[in-house]
Asks: 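Below you will find the structure I want to go over with you.
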Amino acid sequence: MTETKSKKLLILYATQTGNAMDAAERVGREAEHRGCPASVLSVDEYDASLLPLEDMVVFVVSTTGQGDPPDSMKVFWRFLLQRNLNQHWLEGVRYAVFGLGDSGYQKYNFVAKKLDKRLSDLGAQAIVERGLGDDQHPSGYEGALDPWLSSLWRMLYQMNPKLLPNGPDYVISDKKFLDLPKVQIRYHAADEVNPQYAVGSGVSCTEIEIEKARSMSPARFSGRQTRPDCFLKLVKNHCLTKAGCGKDVRHLEFNFESSAIEYDVGDVLEILPGQDPKAVDAFLECCHLDPESFITIHPTKKDNRVLANGTRASTVPIKLRTFVELAMDISSASPRRYLFEVMSYFATAEHEKERLQYFASAEGRDDLYQYNQKERRTVLEVLQDFPSVQLPLEWLVQLVPPLKTRAFSISSSPSAHPNQVHLTVNVVSWKTPFKRNRAGLCSMWLANLDPNQGACIPAWFQKGSLPPPPPSLPLILVGPGTGCAPFRGFVEERAIQSRSIWTAPIIFFFGCRNEESDFLYRDFWLDQSQNDGVLSDAKGGGLFVAFSRDQPQKIYVQHKIREHSQTVWNLLNSGAAVYVAGSSTKMPTDVWSAFEDIVSKEGAVSKESAGRWLRALEKAGKYHVEAWS
C-alpha cells in the first residue's frame, strides 16, 4: 500500500538574515488567499526523509558568503547529497525553487542553482523554472519574486484548478482577510514580576535581558545568538584615516570584560549594536506604548517553540522598552513590503490608506522601493509618515525588522594581543537620492563610543571564511581597504611564529585611494616589509600597494597582482594559498581574473585551463574569499 501524498503546499525556507523567511511567508499568504492550504517551515524544522511523501514543495533559499548554504540548511543539504538516494527517490514530487542572492558575488544564487539540480537528479519535477532574486535589482529580490509567483500560481492552476479554488490571480482587499499576527502579547502586573528581573545592572543582568529579548522574538535567531559569548570593553578608539579625506576608518581595541574567549586569526566578531535612546523614546511615543510595562511574547500557534540550541523561548517577563532596545531595529533597517499591507488595514485617514494599498500592490512596487529601500526609510520614519495608523503591539513585534548583530573580521592575533581583540571598522555614512544623511547603525555607534565611558559591548565569536594557515604554508594575501583587517592578524601571528621556527613567505597586496589619506596601518606594513619582517625580501615576502587616485590612471590591486606575475606564479607553484578579503562588489571577481591571467601566461595554458586550475585550488582549500557589501 502506498502512503498518501499531502495536498497541502509545503513551503520550506533557508535563511541567514531573514529575507528568505519573509519571502517564504509571502508565498504562504498568497497561497492561502487563493484557497490553497499552505505550511511554511524552516528547513531545519522539517524531516528531509519525508520529502517523497510530499505532492508539491516550494523552496525559498538564500546564498551566503561565497556560495554557502545558510546554517539552517546544512543538515538538510547533507541528507540530500547521500549516495544511497537514487534518481527515482523523488519521483512524483513537484517542486519550485526561488533563490535570494547578490549578483555582486561570484557564486550568485549558488545554493538555489545546486538545490534545483539535485532535486531534478533525484526524480522530482519542476513546476516552474527556478527564480533568482537579486539584491542588485532596482526592486531588490522582489523584482524577480513578483513575476515568478505569477508563473507559479498559473502553472499550479493549470495542473489542478481545484488546488487554487479562488483562481491564480485572486487579489484580496477586504479587512477580514488580514491574517492573524503570529504572536500574542501578554501583559504582566508589577507584582507578578520577580524583583530580580525587574531591576538590576551589570554584565550578568544585561546578559539575561539580551537572552530573554532575543529568545522571545519571533525572528529566528539561532540558539547561540541569544546569549552573548562575552562582553567587551572598549579601551582604544583611533582614527586610521586623514581628517577630511571622505573616509573614516577606526582601529578599535577591546578587553574582555567577562571571561576571555579563545579565537584564531581569520575569525569573525559579531556585535549587538546599541540604539539611540531618543529614537526608542520616539518609537514608543508614536505607537502609544508604555515603556515600563512588562510583557511576554508567545506564538499564536501552539508550537511550544524550541530554539535551535534546544532551549525553549523565555516566558520570564521583560520590560517593553528593553525588548524594543534589544530585539527590534526601529531606526536602521528598512521595513518589508508586508508592513505596508498590514498598515493599510489600520489606516483611518483615507489618503494614507490609499497610498499604503498602492505601495503594497504590484503596480506600486517600484515606487515603494524608491520611498523605502532607496531612501533607507526606517520603521520609525514610516510610522511617522502615516500618523493615522495605530498598529497593535503584536503586529509591531512581528513586522519590525529584528535587531541583528553586525559581523566584523578580527584584525588581531591572540598571540600578539593576549586578552584583547581588535577590529578595523569603516564608519558607514552616505546621502540618499533625496540628500538625506544616513549612517550605519553599528559602525557609527562604535565610532562614537568613548573608551573612558566603560561601555560593555555584547559580542559573539565565530569562524569566518578564512581558516588560520599553518606557519609552513606560503601565503598570497589580497586585502584592499578594510579587507586588510584579517591579514593584520595573519601577519602578526606569523611574525611571532617566525621568532622560534622557520615560516613560509607571505606577499600582501593592499589597495586604497591615496598614500597620505587612507593607507591603513601604514607603519605596521612598512615595518614588516623591512628589517627581516615577514613581508621583507629577506624572508621571501613582499608588500605591494595600489594607490588608485595618486595618478591620472586608476590602479587597483588586480593591476599590482598582474604587475608581479612572476612572483605570484612562483609562490603558487610552491604550494601557496590565496586569501582575498574586502568589498563584494567587483573586487573578488577582478582579482580572480588577474590570477587566471597569470596562470594562463606563466603556465602557458588557455584561459579555460587556468580557470579550471584555480577552481581545483579552491576545491583543495587553497583559495579563500571573505567579502562583504
Asks: When you compare the side chains of Glu492 and Ser413, does any donor N or O come within less than 3.5 Å of an acceptor on the partner?
Replies: no
Asks: What's the spacing between Ile496 CD1 and Thr503 OG1 if we round to 0.5 Å?
Replies: 12.0 Å
Asks: For the OH atom of Tyr141 and the CG atom of Asp102, what is their distance to the nearest 0.5 Å?
Replies: 14.0 Å
Asks: Judged by atom type as modelled, is there a donor-acceptor pair below 3.5 Å linking the side chain of Gln528 to the main-chain atoms of Gly533?
Replies: no
Asks: Does the Asn237 side chain pair with the main chain of Ala447, one donor and one acceptor, at a distance under 3.5 Å?
Replies: yes
Asks: Apply the test side chain to side chain contact (heavy atoms under 4.5 Å, CB included) to residues Cys230 and Glu257: give CA-CA distance (whole Å), side-chain angles for both, the deciding distance (0.1 Å), then the verdict.
Replies: CA-CA 7 Å; Cys230 66; Glu257 183 71 2; over 6 Å; no
Asks: Within a strict 4.5 Å, meaning less than it, do heavy atoms of the Ser42 and Met21 side chains meet?
Replies: no
Asks: May I have the step-by-step check of side chain to side chain contact (heavy atoms under 4.5 Å, CB included) for Tyr13 and Asp22, ending in yes or no?
Replies: CA-CA 9 Å; Tyr13 66 85; Asp22 291 348; over 6 Å; no
Asks: Hey, does Thr206 have a side-chain heavy atom less than 4.5 Å from the side chain of Phe231?
Replies: yes
Asks: Should Phe595 and Leu617 count as side-chain neighbours, where that means a heavy-atom distance under 4.5 Å?
Replies: no
Asks: Hey, does the side chain of Gln275 reach the backbone of Val324 with a donor-acceptor pair shorter than 3.5 angstrom?
Replies: yes
Asks: With no hydrogens and no angle check, is any side-chain donor or acceptor of Asp229 less than 3.5 Å from a backbone partner on Phe461?
Replies: yes
Asks: Check the surroundings of atom NZ in Lys586: do more than 12 heavy atoms from other residues, nucleotides or ligands lie under 6.0 Å from it?
Replies: no
Asks: If you look at every heavy atom in Val61 and Ala112, which pair is closest and at what distance?
Replies: CG2-CA, 3.7 Å
Asks: Any sub-3.5 Å donor-acceptor pair from Arg376's side-chain atoms to Ala439's backbone N or O?
Replies: no
Asks: Heavy atoms, side chains only, cut-off 4.5 Å: are Leu475 and Phe508 in contact?
Replies: no
Asks: Quick check: does any side chain N or O of Thr241 sit under 3.5 Å from a backbone N or O of Lys247, one acting as donor and the other as acceptor?
Replies: yes
Asks: Could you tell me which non-hydrogen atom of Pro469 sits nearest to which non-hydrogen atom of Val265, and how far apart they are?
Replies: CD-CG2, 4.5 Å
Asks: About how many Å separate CG of Leu423 and OG1 of Thr482, when rounded to the nearest 0.5 Å?
Replies: 11.0 Å
Asks: Any chance you could lay out the ring-ring contact (aromatic ring centres under 6.0 Å, His included) test for Trp592 and Tyr623, step after step, and finish with the verdict?
Replies: CA-CA 10 Å; Trp592 177 277; Tyr623 194 108; 4.9 Å; yes
Asks: Under a 3.5 Å distance rule, please check whether Lys212 uses its side chain to pair with a backbone N or O of Pro317 as donor and acceptor.
Replies: yes
Asks: Would you find more than 12 non-hydrogen atoms of other residues, nucleotides or ligands less than 6.0 Å from Asn437 atom CG?
Replies: yes
Asks: Do the side chain of Lys236 and the main chain of His251 share a donor and acceptor less than 3.5 angstrom apart?
Replies: no
Asks: Do the ring centers of Phe79 and Phe76 come within less than 6.0 Å of each other?
Replies: no
Asks: When Ile410 is tested against each of Leu466, Leu269, Val268, Thr424 for side-chain contact (heavy atoms from CB on, under 4.5 Å), which residue passes?
Replies: Leu269
Asks: Quick one: does Ile330's side chain get under 4.5 Å of Val400's, heavy atoms only?
Replies: yes
Asks: Would Asp71 and Lys463 pass as an ion pair if we require N to O under 4.0 Å?
Replies: no
Asks: Determine whether a donor-acceptor pair (N or O, by modelled atom type, separation under 3.5 Å) exists between the side chain of Thr63 and the backbone of Val111.
Replies: yes
Asks: Are side-chain heavy atoms of Val427 and Arg250 found at a separation under 4.5 Å?
Replies: yes
Asks: Do the side chains of Val249 and Tyr521 get nearer than 4.5 Å, heavy atoms only?
Replies: no
Asks: Do Asp527 side-chain atoms and Asp523 backbone N/O form a donor-acceptor pair below 3.5 Å?
Replies: no
Asks: Apply the test side chain to side chain contact (heavy atoms under 4.5 Å, CB included) to residues Trp77 and Leu115: give CA-CA distance (whole Å), side-chain angles for both, the deciding distance (0.1 Å), then the verdict.
Replies: CA-CA 8 Å; Trp77 183 239; Leu115 177 63; 4.0 Å; yes
Asks: Side chains of Pro273 and Arg406: does their closest heavy-atom pair fall under 4.5 Å?
Replies: yes
Asks: CD of Gln136 to OG of Ser103: how many Å apart, nearest 0.5 Å?
Replies: 4.5 Å
Asks: Flag the pair Glu618 and Arg615 as a salt bridge only when some basic side-chain nitrogen lies within less than 4.0 angstrom of an acidic carboxylate oxygen.
Replies: no
Asks: How long is the span from the CG atom in Leu12 to the CZ atom in Phe59, to the nearest 0.5 Å?
Replies: 5.0 Å
Asks: Which heavy-atom pair separates Leu520 from Trp525 by the least distance, and what is that distance?
Replies: O-NE1, 2.9 Å
Asks: Any side-chain donor-acceptor pair under 3.5 Å between His422 and Gln420?
Replies: yes
Asks: Give the C-alpha distance, both sets of side-chain angles, the deciding distance and a yes or no for side chain to side chain contact (heavy atoms under 4.5 Å, CB included) between Leu543 and Leu526.
Replies: CA-CA 8 Å; Leu543 171 65; Leu526 292 177; 4.1 Å; yes
Asks: Considering non-hydrogen atoms only, spot the tightest contact between Ala577 and Leu473 and give its length.
Replies: CB-CD2, 3.6 Å
Asks: Any chance CD of Glu262 has more than 12 other-residue heavy atoms, nucleotides or ligands included, within less than 6.0 Å?
Replies: no
Asks: So which atom in Ala20 and which in Val60 form the shortest heavy-atom distance, rounded to 0.1 Å?
Replies: O-CG1, 3.6 Å
Asks: Any chance NZ of Lys182 has more than 12 other-residue heavy atoms, nucleotides or ligands included, within less than 6.0 Å?
Replies: yes
Asks: Just verifying a value: how many Å separate Asn452 CG and Leu234 CG, rounded to the nearest 0.5 Å?
Replies: 9.5 Å
Asks: What are the two closest heavy atoms between Gly67 and Lys107, and how far apart are they?
Replies: CA-CB, 3.8 Å
